[in-house]
Amino acid sequence: MKGWYTIAVFFLAFALQAQEPAFYASVNKNVMRPGETLRLEVVIENAPMKDYTPPAFKDFTVLNQSRGTSTQVTIVNGKQEIVQRLTLSYLLRPKRKGTLTIEPATLQTNQGSRTTEAITITVQEGAAQQERQQQSNLFVKAYVDDASVFVGEQILLSYKIYTRHNIASYEMPNLSLNGFWKMDVPIRQPKVKREIINGIPYRTAVIEQKVLFPQQAGKLTIPAGEVAVDIEYGFFSTRRLRVSTNPITIEVQSLPANAPPSFIGAVGRLSLESTISADSVAVDEAITLRLKFSGQTNFNLLNAPAPQLPADFEVYDPKVTTDASITGGRYVGKKTFEYLIIPRRPGTYTLDSMKFSYFHPPSESYTTLSAGPYTLTISGTSEAQEGSPTPYNPSEVTALENDIRFIKTGQPPHWQPAGYHFLRQPLFHVLYWGPLVGLIVLGTWLFFFRKKGENEQMRQNRALKAARKDLKAADKALQQNDDNLFYQHLQHAVWSYLQTHFALPPQEATKAQLENALGERQIPEPLIEQLHQTLEKCEMALYAPAAATVEKQQFRAEVAQLLMKIHKHLKA
Amino acid sequence: MRITAFILAFLGLLSSMAQPTARWEEGNRLYSAGQYDSAIVLYRSVLEEGVTAAALHYNLGNAYYRNQQLGRAILHYEKALRLDPHFADAAFNLALANSQKADRLPAPRQTIIAEWWRSFLLWLSPRSWGLLAIVLLWLAVALGAIVLLKRSAWRPTLLVTAIVLGFLSLSSLYLSQQRYRWQHPNPAEAIIIEPNAYVKAAPQGSATDLFILHEGTKVKVLKETSGWWQIALPDKKQGWIRADRLAKV
């Protein structure tokens with residue numbers, strides 16, 4: 001039974017908190033038939049009645065005029081307030097039909113001149129007159145504090161009743177407020193005030209208030225509704241009247257497009273306060289991160305940014321506490337998000353500053369709040385490092401039961417300089433490149449200084465070879481009985497052998513030179529003598545063949561023998 | 001006077017030679033007594049003198065392990081294995097320590113040929129490969145000299161043998177260099193030695209956090225700028241870490 005409020009008594013007595021001077025006029029009715037009378041009351045409160053000018057009654061006849069004074073004492077919050085009231089009453093009769101005006105009255109006070117408002121009186125004939133009178137005696141007005149807002153910005157919708165009846169109860173309609181997030185403002189005891197509209201004093205009260213948050217842009221309508229009001233009618237009986245409320249159109253603008261990335265929909269005015277329970281804990285010890293938003297926004301839809309922490313932390317869903325209420329027509333309060341964070345590994349971690357943005361409608365801009373950053377130092381060792389089996393990796397459990405092997409002791413190790421590189425040691429270069437260089441030097445020396453490529457031994461062998469060749473040729477000549485050729489070959493055998501042996505140029509060699517060279521080599525004298533004789537024999541046979549009495553076969557053997565002997569001696 | 005100075009210098013040389021061993025033995029004694037942090041100080045003082053040994057890094061790794069500094073323990077086991085790849089105890093302790101680190105990264109895949117090549121390379125130390133190269137070269141040079149000096153029927157055979165030996169010597173030289181490169185790879189490898197390290201997108205404290213590494217994780221160091229190292233993971237992830245968070249193997 002939403003919207004039902006029983007207010008049997010609240011209109012019967014109304015208090016005025018006027019300490020200040022007040023000056024107003026009221027009539028008992030503003031719609032009347034011709035010939036009826038009308039009572040006008042001009043009230044002066046808390047002011048002396050000097051320089052008072054009554055209204056000019058152009059269209060009315062003043063039938064009677066009276067004055068009365070009263071003193072009202074009220075105690076509000078322990079403070080006494082006294083209201084001195086002077087009431088001037090006029091009984092009036094309209095002079096004609098139509099729309100008539102009661103002109104304002106004027107009063108000079110210490111604060112200046114004051115006037116009452118002009119009152120319009122309708123004088124006419126008609127059956128509906130009574131009904132009109134009753135309708136104008138009761139109506140409900142709907143109004144908002146702001147008809148042009150942004151999406152998510154708060155609107156306060158109020159319904160005010162104006163009555164001249166005593167109201168027993170009323171029933172608000174269930175309005176369908178599409179496009180709005182709505183919250184009812186609780187009204188325990190409607191505050192009754194007096195308002196004069198067109199001369200008629202009404203008792204007024206705000207009977208219903210809603211805080212609305214438009215959720216979409218565009219033209220949104222708060223529809224008209226029908227309020228059912230039971231008015232007191234006679235003794236202990238009521239009569240139900242139905243009054244319509246006016247519809248209201250709200251212009252809702254969408255939010256500007258330049259929203260920062262941390263904007264997640266909050267509109268209003270907020271401040272952020274963050275606290276952390278500890279920034280230096282052991283592994284598995286809980287940390288509480290508290291983000292407190294306070295201010296004015298739609299707290300029902302307010303979400304907090306989640307703390308961005310690495311996987312080494314477990315972050316649980318936050319515990320959310322909202323402490324917000326509608327005060328003075330605004331939805332204000334605070335909302336707290338408490339994150340429970342449990343570190344699982346040691347180390348130093350950074351909890352980056354958490355950014356939160358909201359849209360501030362009066363300045364039409366986004367404001368960014370931030371919390372943190374925090375540096376978290378986690379000490380101790382995680383469970384896995386202590387050797388307890390981890391639930392994800394059972395295959396490691398067996399290995400973890402082992403322990404490291406013991407250190408090396410006893411024999412001192414072979415110390416070596418750090419960064420030792422054998423290939424860069426001078427010793428290596430000497431040992432490696434030395435022999436190679438030696439080989440190259442040897443080859444070069446052989447190439448340049450002994451370019452014949454022939455050593456003594458080889459030359460000796462060559463000399464002997466040549467001598468043998470000559471002896472063979474001599475044998476051939478002997479078989480052919482060519483004596484001249486025979487001796488030539490034998491001579492050549494001796495000469496060429498010795499020339500080759502001593503590496504003498506063939507043309508330059510003389511007998512004496514050869515004998516000299518042989519003597520230097522310590523060849524025995526008889527052998528040299530024999531050589532000398534042999535060569536002479538050859539020459540004799542060649543140049544004076546008639547005188548030659550030589551056994552050719554024997555001579556050849558002698559020459560061979562001689563050469564072998566010399567060869568032996570030279571080799572030794 | 002001069003003799004005294006000479007003797008003093010000699011004694012100083014002797015004591016400086018003896019110091020690493022003395023400190024090593026004292027460190028071992030402290031380790032056995034359970035004073036791991038003191039043992040660490042002594043072991044480190046030996047290293048700071050520019051002297052190294054596989055057993056020293058192994059013992060230091062053990063002391064760090066006992067002192068709950070997993071990252072540094074892994075670092076020194078790795079160093080011990082670099083100096084002596086056949087150090088079975090170090091390999092065992094490294095595997096044990098690696099099984100306890102927080103980050104699980106995929107192991108880089110090795111082909112059978114690469115594995116075979118690696119074990120062949122690690123068969124000898126860089127120094128031994130170098131010595132082998134020297135011996136082979138000497139043999140080649142000796143044969144070469146014979147070829148130059150003696151003319152005989154064996155000459156062509158000797159020449160071919162000398163060339164083959166020379167080629168083998170050069171190969172040993174190459175292997176020695178490669179073995180040294182294995183010990184000092186490029187890009188260098190480094191181990192995270194602090195409990196955790198933020199890997200940033202740029203060498204600035206304000207740069208975006210890409211991911212977090214934990215102690216004991218091995219990375220490759222691609223680039224070094226003042227205070228920051230660019231690192232890469234086996235799965236090609238890259239980023240920048242503050243240089244005091246990790247140490248090179």
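- To the nearest 0.5 Å, the span separating OH on B:Y31 from NZ on A:K408 amounts to 12.0 Å.
- For the ring-ring contact (aromatic ring centres under 6.0 Å, His included) test, residues two or more places apart in sequence or in another chain that qualify with B:W123 are B:W129.
- Shown here for B:N196 and A:G347, the closest heavy-atom pair between the two residues is OD1-CA, 3.5 Å.
- Of all non-hydrogen atoms in B:T21 and A:P412, the two that sit nearest each other are CG2-CB, 3.4 Å.
- Panel note: side chain A:Y349, backbone B:Y198; no donor-acceptor pair is recorded below 3.5 Å.
- Proximity of a side-chain donor or acceptor of B:N28 to a complementary backbone N or O of A:I407 within less than 3.5 Å is not detected.
- Proximity of B:I134 to A:W433: side-chain heavy atoms (C-beta onward) are nowhere separated by under 4.5 Å.
- The closest side-chain heavy-atom distance from A:Q416 to B:V51 is not below 4.5 Å.
- Looking at B:L137, the atoms closer than 4.5 Å to chain A (heavy atoms on both sides) all sit in the side chain, from C-beta outward.
- For a residue to count as touching a neighbouring chain, one of its non-hydrogen atoms must lie under 4.5 Å from one of that chain's; by this rule A:L431 touches chain B with backbone and side chain alike.
- When heavy atoms are compared at a cutoff of 4.5 Å, B:S125 does not approach chain A at all.
- When side chains are defined from C-beta on, A:H421 counts as touching B:Q177, because their heavy atoms get closer than 4.5 Å.
- Environment of CZ in A:F406: crowded, with over 12 heavy atoms of neighbouring residues, nucleotides or ligands closer than 6.0 Å.
- When each of B:S169, B:A97, B:A90 is checked for heavy-atom pairs under 4.5 Å with chain A, B:S169 comes out on top.
- Only the backbone of A:H414 comes within less than 4.5 Å of a heavy atom in chain B; its side chain stays farther off.
- Neither the backbone nor the side chain of B:L60 comes within contact range of chain A; no heavy atom of the residue lies under 4.5 Å from a heavy atom of that chain.
- By the 4.5 Å heavy-atom criterion applied to side chains, B:E25 and A:T409 are not counted as neighbours.
- Summarising the local packing, CD of A:Q411 is surrounded by 12 or fewer heavy atoms from other residues, nucleotides or ligands at distances under 6.0 Å.
- For chain A, no part of B:V135 is nearby; none of its heavy atoms comes within less than 4.5 Å.
- The structure places OH of A:Y432 at 8.5 Å from CG of B:L136, a figure rounded to the nearest 0.5 Å.
- Put simply, the side chain of A:L442 reaches to within 4.5 Å of the side chain of B:L149, judged on heavy atoms.
- Nearest heavy-atom pair across A:P413 and B:A53 is CB-CB, 3.8 Å.
- With no hydrogens or angles considered, no side-chain donor-acceptor pair links B:Y58 and A:R405 at under 3.5 Å.
- Within 6.0 Å of the OH atom in B:Y174, the count of heavy atoms belonging to other residues, nucleotides or ligands does not exceed 12.
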Stepwise side chain to side chain contact (heavy atoms under 4.5 Å, CB included) test for B:W138 and A:L436: CA-CA 8 Å; B:W138 281 4; A:L436 212 56; over 6 Å; no
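- Taking the six-membered ring for Trp and the full ring otherwise, the centers of B:Y180 and A:F422 sit at least 6.0 Å from each other.
- When every heavy atom of B:F92 is checked against every heavy atom of A:D403, the shortest pair comes out as CE2-O, 3.6 Å.
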Do B:L131 and A:F428 pass the side chain to side chain contact (heavy atoms under 4.5 Å, CB included) test, and can you show the C-alpha distance, the side-chain angles, and the key distance before you say yes or no? CA-CA 8 Å; B:L131 287 172; A:F428 169 79; over 6 Å; no
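- Residues A:R345 and B:D103 are not paired through a salt bridge, judged by the lack of any N-O separation under 4.0 Å between the basic side chain and the carboxylate.
- Considering only heavy atoms from C-beta on, B:P126 stays 4.5 Å or farther from A:Y420 through its side chain.
- Going from atom CG of B:L94 over to atom CD1 of A:I404 covers 12.0 Å, rounded to the nearest 0.5 Å.
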